[in-house]
Amino acid sequence: MGSEGPKDVIIHVTGFKKFQGVADNPTETIVSNLKNYLEKRGLATGFTLGSCTILETAGDGALPMLYKVLGSSISATNEGKNEQVVWVHLGVNSGAMKFAIERLAVNEATFRCPDELGWQPLQHPIVSEDGGTSCTRETCCCTEEILKLLKKKGYDVTASDDAGRFVCNYVYYHSLKFAGENGQKSLFVHVPLFSRIDEETQMRFVASLLEAIASTC
């Protein structure tokens, strides 16, 4: 039967383009270079890197592209295979000094500035049928185990229950909804600017993050 034995883990990764106040988004660089970096480094057993996508830093106007990307994982998955699909979304927190694993997303869009397509909602429910802006969706990834593994490798990383109310939280909420409806998993991780933690360290961190996710699935 397809459900027997350990699952092969397929991880899809997204990052974001520039946005107001961040002309060079480190997640765009990380995700753009990730495939080559992992090929040189070598992947963990049972872990396959799926798509690597750079998203527009926008909410409502970018939804068709987001769902096209998410939907590609359904058509790409062969029925009967014993696979666990995981979405890892990387976003930058320009004020952060460490990495942050986001445990949940809130059903509220309140953008501090217009997104890259000019939208600036205020206390807007992300998914209206979910209820009010206080509703949350939580990742089913083993965040505590992932955190433990990353700290053991020496990374300065924390767990967070607040992904903000900007595009990061917006994308995460939609991704958690999609993942929950399709038997997948989703996790959002905030990274600092390269001026706070250099590019090579961040590449190593993301590689270790994916390995930690794979080992806890």
Side-chain angles (χ1 to χ4, degrees), residues 11-20 22 25 27-28 30-31 50-74 84-96 99-144 146-147 158-191 206 209 213 217:
I11 303 181
H12 301 276
V13 186
T14 73
F16 288 104
K17 296 180 182 178
K18 67 176 181 68
F19 60 97
Q20 189 173 317
V22 179
N25 194 323
T27 68
E28 181 172 9
I30 293 166
V31 176
S51 59
C52 290
T53 308
I54 310 299
L55 302 172
E56 193 75 59
T57 310
D60 191 58
L63 272 187
M65 177 53 72
L66 174 63
Y67 274 95
K68 184 179 178 183
V69 170
L70 293 172
S72 67
S73 65
I74 301 295
Q84 175 64 67
V85 174
V86 184
W87 286 93
V88 175
H89 304 286
L90 302 177
V92 64
N93 178 351
S94 57
F99 302 105
I101 295 171
E102 301 294 347
R103 287 188 283 226
L104 56 84
V106 182
N107 191 31
E108 180 189 346
T110 295
F111 292 2
R112 54 181 172 72
C113 62
D115 67 20
E116 289 302 288
L117 295 180
W119 189 46
Q120 189 175 11
L122 177 64
Q123 294 182 327
H124 180 85
I126 295 171
V127 178
S128 55
E129 57 264 33
D130 276 8
T133 55
S134 61
C135 293
T136 62
R137 285 181 179 266
E138 192 168 342
T139 182
C140 57
C141 288
C142 305
T143 54
E144 292 307 313
I146 292 166
L147 194 67
T158 188
S160 166
D161 290 327
D162 185 5
R165 297 295 181 271
F166 195 45
V167 176
C168 290
N169 178 74
Y170 190 91
V171 165
Y172 195 20
Y173 196 90
H174 277 286
S175 180
L176 287 168
K177 179 177 184 292
F178 181 90
E181 291 169 351
N182 291 283
Q184 301 181 357
K185 295 185 178 185
S186 176
L187 186 67
F188 199 103
V189 178
H190 271 115
V191 305
V206 172
L209 168 69
I213 291 168
C217 278

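Thr14 pairs by the side-chain hydrogen bond (donor to acceptor under 3.5 Å, both in side chains) definition with His89, not counting sequence neighbours. Partners of Phe16 by ring-ring contact (aromatic ring centres under 6.0 Å, His included), not counting sequence neighbours: none found. Asn182 pairs by the side-chain hydrogen bond (donor to acceptor under 3.5 Å, both in side chains) definition with nothing, not counting sequence neighbours. By the ring-ring contact (aromatic ring centres under 6.0 Å, His included) test, His124 is found to be paired with Trp119, residues two or more places apart in sequence or in another chain being considered.
In this structure, Phe111 and Arg165 have side chains that are not in contact, with every pair of non-hydrogen atoms separated by 4.5 Å or more. You'll find the side chain of Ile213 reaches within 4.5 Å of the side chain of Ile11, heavy atoms only. Residues Val92 and Phe19 are in side-chain contact: their nearest non-hydrogen atoms beyond the backbone lie under 4.5 Å apart. Asn169 is not listed as a side-chain neighbour of Val167, based on a closest heavy-atom distance of 4.5 Å or more. No side-chain heavy atom of Leu176 sits under 4.5 Å from any side-chain heavy atom of Phe188. Within the 4.5 Å cutoff, the side chain of Leu187 has heavy atoms near those of the Ile146 side chain. The shortest distance between side-chain heavy atoms of Tyr172 and Val189 does not fall below 4.5 Å.
Judged purely by distance below 3.5 Å, without hydrogens or angles, the side chains of Thr27 and Asn25 pair a donor atom with an acceptor atom. Judged purely by distance below 3.5 Å, without hydrogens or angles, the side chains of His12 and Ser51 pair a donor atom with an acceptor atom.
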Can you list, pair by pair, the side-chain donor-acceptor contacts under 3.5 Å of residues 130-143, counting residues two or more places apart and other chains?
from   : atom 1 : to     : atom 2 : distance (Å)
Asp130 : OD1    : Arg137 : NH2    : 3.2
Asp130 : OD2    : Arg137 : NE     : 2.9
Asp130 : OD2    : Arg137 : NH2    : 3.0
Asp130 : OD2    : Tyr173 : OH     : 2.5
Thr139 : OG1    : Cys141 : N      : 3.1
Thr139 : OG1    : Ser186 : O      : 2.5

Which donor-acceptor pairs under 3.5 Å do side chains of residues 52-63 form with protein atoms, sequence neighbours excluded?
from  : atom 1 : to    : atom 2 : distance (Å)
Thr57 : OG1    : Lys17 : O      : 2.8
Thr57 : OG1    : Lys18 : O      : 3.3

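Across Ala163 and His190, no two heavy atoms sit closer than the pair O-CE1, 3.7 Å. Ala109 approaches Tyr170 most closely through the heavy-atom pair CB-CD1, 3.9 Å. Here the closest non-hydrogen pair linking Thr158 and Leu147 is C-CD1, 3.6 Å.
Because its NZ or CZ atom is both nearer than 6.0 Å to the ring centre of Phe166 and within 45° of the ring axis, Arg112 counts as a cation-pi partner of that residue.
Cys113 contributes atom SG, which lies 4.0 Å from atom CD of Gln20 (distance to the nearest 0.5 angstrom). Rounded to the nearest 0.5 angstrom, Leu104 CG and Ser160 OG are separated by 7.5 Å.
Remark: of the listed residues Leu66, Ile126, Leu70, Leu66 is the sole one forming a side-chain contact (heavy atoms from CB on, under 4.5 Å) with Val171.
Taking a 6.0 Å sphere around CD of Glu181, one finds it holds more than 12 heavy atoms contributed by other residues, nucleotides or ligands.
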